[in-house]
Amino acid sequence: LAYYLAKDVKPENLAASSARLFLGLQLECAQCHDHPFSKWTRDQFWGTAAFFGGVERTNGTLREVMDRREMPIPNTNRIVQATFLSDKEPEWRYKQSSRIPLAEWATAGDNPFFATATVNRFWDFCFGVGVVDPIDNLDPKNPPSHPKLLELLGKQFVAAGFDLRYLLKAICLSDTFQRSSVVADPQHQDVRKFARFPLHGLTPEQLFTALGQIVGPRTV
């Protein structure tokens, strides 16, 4: 609920944010025109937004109009149907949210984006930098530092049934994760080579926990 409200319950905001989070794609540049630096078109952007077209806010309450799966493109006379960012066609069901086919497509084993985006995000969580950096820009013009590694992690993640614990354990048990952070060779300065463990700052949660351990529990 908070996620939808934070995006003002606007299909275009929800589509852009969801694509970044779950697919590692930056689609928002195609909102007003075809993407200037990537293959995404304006129709594809609004075709993704159409999956969220049935969600609306009425008198402060969120509701969803089932079977609504089309969107008008602003400042045009055109209407686009909800479409995936691949050649696969949605399978609609009567009186069912259009977001369900979107979620099923996104988490399918043959989806070209979800597994890659997820393993890259977890790699970034562990190392402070992704195999693709920034992590929400999976694009041919922003290639991974280690393409075979990213491909292998993605395939194993799918084979494990999208098991996040399996993924995290696999990364943490790797030689790469267990390497020293000491720069033993000038060629190891580049953290994206992962020849050493890159130092990175604590997250706000880690810093809060560390301070709590130092000063002890305190009643405010």
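Here the structure is a predicted model, which means the values were calculated and not measured.
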Decide yes or no on side chain to side chain contact (heavy atoms under 4.5 Å, CB included) for L14 and Y3, but give the supporting numbers first. CA-CA 9 Å; L14 292 166; Y3 176 72; 3.8 Å; yes
Pair D34, T41 - check side chain to side chain donor-acceptor pair (under 3.5 Å), show working. CA-CA 4 Å; D34 291 350; T41 66; 4.7 Å; no
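- Rounded to the nearest 0.5 Å, atoms OG (S97) and CG (L102) are 9.0 Å apart.
- Remark: E104 engages R93 in a salt bridge, criterion side-chain N to carboxylate O under 4.0 Å.
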Donor-acceptor contacts under 3.5 Å from residues 150-158 side chains, at least two apart:
from	atom 1	to	atom 2	distance (Å)
E151	OE2	K155	NZ	3.1
Q156	OE1	Y166	OH	3.4

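- Between Q31 and E12 the shortest heavy-atom distance is NE2-CG, 3.8 Å.
- Shortest non-hydrogen contact noted between P11 and A49 is CB-O, 3.4 Å.
- Hydrophobic clustering keeps V65 apart from L62 (ILVMFWY residues linked when any side-chain heavy atoms are closer than 4.5 Å, directly or through intermediates).
- Sequence neighbours left out, not one pair with a member in residues 206-216 passes salt bridge (Lys or Arg N to Asp or Glu O under 4.0 Å).
- Residue E89 qualifies as open at atom CD: its count of foreign heavy atoms under 6.0 Å is 12 or below.
- Taking every heavy atom of both residues into account, V80 and A50 meet most closely at O-CB, 4.3 Å.
- Within the 4.5 Å cutoff, the side chain of K88 has no heavy atoms near those of the N111 side chain.
- Residues L168 and F22 share a single hydrophobic cluster, defined by chaining ILVMFWY side chains whose heavy atoms lie under 4.5 Å apart.
- S174 places a side-chain N or O within donor-acceptor distance of the main-chain N or O of F177, the cut-off being under 3.5 Å.
- The closest side-chain heavy-atom distance from P36 to C29 is below 4.5 Å.
- Side-chain N or O atoms of R196 include one that pairs as donor or acceptor with a backbone N or O of H188 at under 3.5 Å.
- With a 6.0 Å radius and a threshold of 12 heavy atoms from other residues, nucleotides or ligands, F162 has its CZ atom above the threshold.
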Derivation and outcome, side chain to side chain contact (heavy atoms under 4.5 Å, CB included), residues D110 and S86: CA-CA 11 Å; D110 60 351; S86 68; over 6 Å; no
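- Proximity of V131 to D124: side-chain heavy atoms (C-beta onward) are nowhere separated by under 4.5 Å.
- At a threshold of 4.0 Å, the pair E56-R68 counts as salt-bridged, since one of the basic side-chain nitrogens sits closer than that to a carboxylate oxygen.
- Here the side chains of L85 and Q44 are in contact, with some heavy-atom distance below 4.5 Å.
- More than 12 heavy-atom neighbours from other residues, nucleotides or ligands sit within 6.0 angstrom of CG on D185.
- The CG atom of D67 sits 9.0 Å away from atom CD of Q96, with the distance rounded to the nearest 0.5 Å.
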Working note: Q26 + D136, criterion side chain to side chain donor-acceptor pair (under 3.5 Å); need CA distance, chi angles, decisive distance, verdict. CA-CA 7 Å; Q26 297 184 7; D136 57 359; 3.2 Å; yes
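- In this structure, R69 contributes its side chain and G53 its backbone to no donor-acceptor pair below 3.5 Å.
- Counting all heavy atoms, side chain and backbone alike, F194 lies closest to R179 at O-NH1, 2.6 Å.
- Hydrophobic clustering (ILVMFWY, side-chain heavy atoms < 4.5 Å, transitive): I135 and V129 are in distinct clusters.
- Within the 4.5 Å cutoff, no side-chain heavy atoms of C32 are placed close to those of F45.
- Of the candidates L149, T116, V132, N120, V132 is the only one forming a side chain to side chain contact (heavy atoms under 4.5 Å, CB included) with P144.
- The aromatic rings of F127 and F197 lie tilted to each other, with the angle between the two planes from 30° to 60°.
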Please tabulate, one pair per line, all N/O donor-acceptor pairs under 3.5 Å involving side-chain atoms of residues 70-78, not counting sequence neighbours.
from	atom 1	to	atom 2	distance (Å)
E70	OE1	Q81	NE2	3.0
T76	OG1	I73	O	2.7
T76	OG1	R78	N	3.2
R78	NH1	D43	OD1	2.9
R78	NH1	D43	OD2	3.2
R78	NH2	D43	OD1	3.2

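- With hydrophobic clusters built from ILVMFWY side chains whose heavy atoms lie under 4.5 angstrom apart, I100 does not share a cluster with F114.
- Between R63 and R57, the closest side-chain pair of non-hydrogen atoms is not below 4.5 Å.
- Annotation: F37, atom CZ; neighbour count of heavy atoms from other residues, nucleotides and ligands within 6.0 Å does not exceed 12.
- Q206 is not listed as a side-chain neighbour of T209, based on a closest heavy-atom distance of 4.5 Å or more.
- In plain terms, the two heavy atoms of G24 and A117 that are nearest each other are N-CB, 3.6 Å.
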Do W123 and T176 pass the side chain to side chain contact (heavy atoms under 4.5 Å, CB included) test, and can you show the C-alpha distance, the side-chain angles, and the key distance before you say yes or no? CA-CA 11 Å; W123 189 272; T176 307; 4.2 Å; yes
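- Checked by atom type and distance alone, the side chain of D139 never pairs as donor or acceptor with a backbone atom of L25 at under 3.5 Å.
- Hydrophobic clustering of Ile, Leu, Val, Met, Phe, Trp and Tyr side chains at less than 4.5 Å, counting indirect connections, unites L202 with L211.
- When all heavy atoms of W92 and S98 are compared, the closest pair comes out as CZ3-CB, 3.7 Å.
- Contact annotation: the side chain of F52 never approaches that of K10 to less than 4.5 Å [non-hydrogen atoms, C-beta and beyond].
- For an aromatic pair to be called close, the ring centres must be under 6.0 Å apart, and W105 with F51 fails this.
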